Amino acid sequence: MSSKEKDQIQLLQGTLDLIVLRTLATMGSQHAYQIATRLQQVSDRLLNLNQGTLYPALVRLEQYGWIKGIWSKTENNREAKYYEITKAGQKALGAETLKWRTMAALVERLLLEES
Amino acid sequence: MKQLRRAFLKLARLFTNSREEAELAREIAAHLALLEDDYLRQGMSPEEARQAARRAYGGVEQAKQMHRNERSYQGLAQTLRDTRYTFRQLRKSPGFTITAILMLALGIGATTAIFSIVAGVLLRPLPFPAPDRLVILGDTLEGSSDMTARPRAAAADIRNYMRDTHSFSQLGGYQLTSYDLTTTGIPEPVHAVRMSSEVFPALEVAPLLGRTFTPAEDEQQQSVVVLSYSLWQSHYQGRANILGATILLDRKPYVVIGVMPQNFEFPLVPGHMDRSDLWVPLRLQPEEFLAGQAASWSFRMVGRLKPGITPEQAQSDAERVALATVQQYPAFMRSLRIHAAVRLLHEDTVDQARPLVRTLFFAVVVILLIACANLAGLLLVRSIRRRREIAVRLALGARAATLLRQAIVESMVLSVAGGLVGLAFAAAALRLGISLLPETLPRIHEIGLNWPVMAFALGLALLTGLLCGLAPAFAAIHTSVNGTLKESGRTGTTGSGHARLRSVLVAAEIAIALVLLTASGLLLRSFEKMRAVDIGFRPDHTLTALYGLPTYQYATQASIDTFDEQVLRTLRQLPGVEAVGITTVLPSTGDWDGPAITIEGSVPAKRAGLNLTMVSLLRGDPIQALGIRLVRGRTFTEADNANSQLVALVNSRLAERHWPGQDPIGKRFRRGMPETKTPWMTVVGVVDSVKMGSPDERTPEQFYQPVDQTPISEGDFASAGEVNADYGYILVRTHMEPEQMENAMRATVHGIDPQLPLYHIQTMEHAIARSEAPRRFNTILISCFALVAVLLSVLGIYSIIAFSVALREQEMALRMALGCQRSGVLAIILASGVKLAAIGCVFGLLGAVAASHLLRSFLFAVSPFDPVVLTLAAVAMLLLALAASALPARRASRTDPMLALRGE
């Protein structure tokens, strides 16, 4: 195993949804490839993500009614499905972010105390 | 909320699967194209760019599968695909599909129809709140058997039980009666109930309009009435201002104080016809506590148990009161012993219906089992036909679970379709059938296809599908891939395991069908035996009608006598009339009870019980009109009147019981118990015993008396002012067809009293047919079921034999090519069918013996092991099996021997 691969992390269960939602909230409407690229950029290539693994998360979020997919053209006149966050998604993002922060803080505190 | 929305979408996308797939493929293609573009821009060659894009994207198939798993329920989606596949397969073989669905529809439809009867009659709780607290309270009389089954009460019991028991929150007595209701013109009879004021509160049903009676109204003998919904609608057009109106019952005014809701019914009497039209307060009269009426158990009592009191506790509480009641009995009732009995109202209501309904249910379950066995057999045959396909799929890596699911889905699709068609069958059958149900079933109008029944039918369909699917499913899994593929198209006779399974199915079917066939044979024979019973009179050319003289018009015995004499005289003068008479009890109507008698010179053994008999009071020549044969002595004459010696005719049963081997003429007996003071009556004649109910019932000991002598013979029992024979059946024997007398009879009676209605005008033959109706119904029904069962099992034999013949075509051709005669081939096939049938018959006979206890109560003069019936049924089944195998056998014998040589 190369050292580069060792540094890469796997996503925690359920966190992908939050990340995708956050990305769409920040970047506006994006297609799957853009989202994947963005995630890799932000994570400084720490996140090892097959781009195909985004799809289940997209379906899930769409079925929750948090995002919406619309077919459109890229600037190079290629067709792509653009996802954009809905009003319900905006609200959910707030709630989910809070949940995540609480959780992360809790884990952090625990780790501090136990060390 | 979001989970709910998602679950809904996941379900919905089961049905838009192909669109979702296309959308996904398009999205992935677009994604890859974008990736490729980027790599091209980085200076890769098109080939390298495509590969890099694939790498970056990851496994396309995995992504698709993840997407599918996420977007809809995959197990369900698979099942849905199986269902579509099944539909395609079934459309390709419509013959099989229609046979299977119709067979199941028959089974499920019949079972559902009968279940709806079971549910309506036996299982539905009574239409009152907390029905398990409602009980019937009454007496059982030592020495009287029919009161043990249906406890009844006398007037004194009602008073004592209501006053002295502590176990009931409400308790009251009731009695069915009838009144003449006058609305406009001619009075018409209505079914009425005299009822204590506490009964309505005990039932906890509130009136739709107004109120029910109060205890004060009962005690003060107020004339108030509560109407049933149907009477209110039919006679008073549902007018709201009916409350406070006055109606005429037996020409006396009653004030309407309430109307009960539409579904209210009490008492819950069997049949369609006798539902109560109105309720009046019980208003016990002083004479009901006296003399003969004191010993008349003509009331019933219903009560609601206090919270925490069990029926047993209530019974011992009531027993205490019963003992006290006995102590207060007048001298002439000293030898009577009563015990209190408490039964649940529900038990009391459904008791008589239970054996019939249970047997019906048993019969339809048998039909369903046969239908299931047939379907399993057919499916098995199909799976054998598809053995190569299954083997190929297994070889290509199909999982057992997949095959299992597909097989079960196939049988489920069939069974659910069968269930739906069956429900339609059941609905049609119920629509036609309810009017044919015998009058012995209570709560008939509550039978129908309601939700529980529908749920039952669909549950049944699913269960059937599962069970029927299992056999072929496991047969499919156990397909040996190597063996099947190596057979390389040779349709040999391998798969002996399946063959055995098929044989077992067919044999089981034959066995089950035989059980039903024997049952139906036994019932048919019982019916035939019943028809052959000597009913003791000649029902031909006899017309009868019932009348009841209202007390307000015929208050004295003299007025009644005048009416009767006038009717007899006028009818006698009509042309073609042979004999005319009036009797208080009509044979074959089934309802009778009568006094105990004491025989001169016989000392009853201690606790011997009462000599219960029945009595008919006669006027004119009813013995001649009914054609009852006089065995010895004479019948009554004009000389047997109130001033002459008391005389009686006895039936031969009574004569044999009390004077065995002696000449009964001149012997004496009297009404009542030994301690009762009644005068002796002298026997002047003996007549044939007449069946009073249906011919398969016990013949009672019976005596006949002239009406005029009745009050004197009653001694202590007679109450002051009581009138005799204020009702009766007019009997006319004619030379012509009795129907032609109907109008003459009506005209005669109306000529004497224009307002008097005549009931039940019918020929005696018709009356007998009515008494035979319950048995006829049972017999026809079970025979129909047996017919269906036999048909289904013959179909089963046929399809299995036909299929195995098709499988063995090559073998047969080979045999013939090698010199086997056509008759030899015929014999082989027939033998295989008969062998199955024989095995089935052996088990069927064993089953019939095992089921005999279910049938015993329905049989009449026939043993459940009647050798004639058992033999005939078995032989019939064997012959049918032979016939079913004959067709395929003939086809096999016509096999072209060239087939063997030409074959692959």
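All figures in this text were calculated on a predicted structure; none of them were measured in a lab.
Comparing Ala36(A), Ala57(A), Ala88(A), Gly65(A) by heavy-atom pairs within less than 4.5 Å of chain B, the highest count is held by Gly65(A). Ranking Leu32(B), Asp38(B), Leu24(B) against chain A, the residue ahead of the rest is Asp38(B), based on heavy-atom pairs under 4.5 Å. Most heavy-atom pairs under 4.5 Å with chain A, from the set Glu27(B), Met66(B), Glu23(B), Arg71(B): that is Glu27(B). The choice from Gln62(B), Arg68(B), Arg26(B) that makes the most heavy-atom pairs within less than 4.5 Å of chain A is Arg26(B).
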Assess whether side chain to side chain donor-acceptor pair (under 3.5 Å) is satisfied between Gln406(B) and Arg81(B), documenting all intermediate values. CA-CA 9 Å; Gln406(B) 201 186 324; Arg81(B) 265 197 297 285; over 6 Å; no

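Of the inter-residue distances, the one linking Ile85(A) atom CD1 with Lys68(A) atom NZ reads 12.5 Å to the nearest 0.5 angstrom.
Heavy atoms closer than 4.5 Å to chain B are found nowhere in Thr37(A), neither backbone nor side chain. Within the 4.5 angstrom heavy-atom criterion, no atom of Asn69(B) approaches chain A. For Arg55(B), the part lying under 4.5 angstrom from a heavy atom of chain A is the backbone only. For Ile28(B), the parts sitting under 4.5 Å from any heavy atom of chain A are the backbone and the side chain alike.
Partner Tyr55(A) forms a side-chain hydrogen bond (donor to acceptor under 3.5 Å, both in side chains) with one of Glu70(B), His31(B), His67(B) and no other, that one being His31(B).
Two residues are said to be in side-chain contact when any heavy atoms from C-beta on lie closer than 4.5 Å; Arg50(B) and Glu36(B) meet this criterion. Within the 4.5 Å cutoff, the side chain of Thr74(A) has heavy atoms near those of the Tyr82(A) side chain.
Between Trp66(A) and Tyr64(A), the ring-plane angle classifies as tilted under the 30° and 60° cut-offs.
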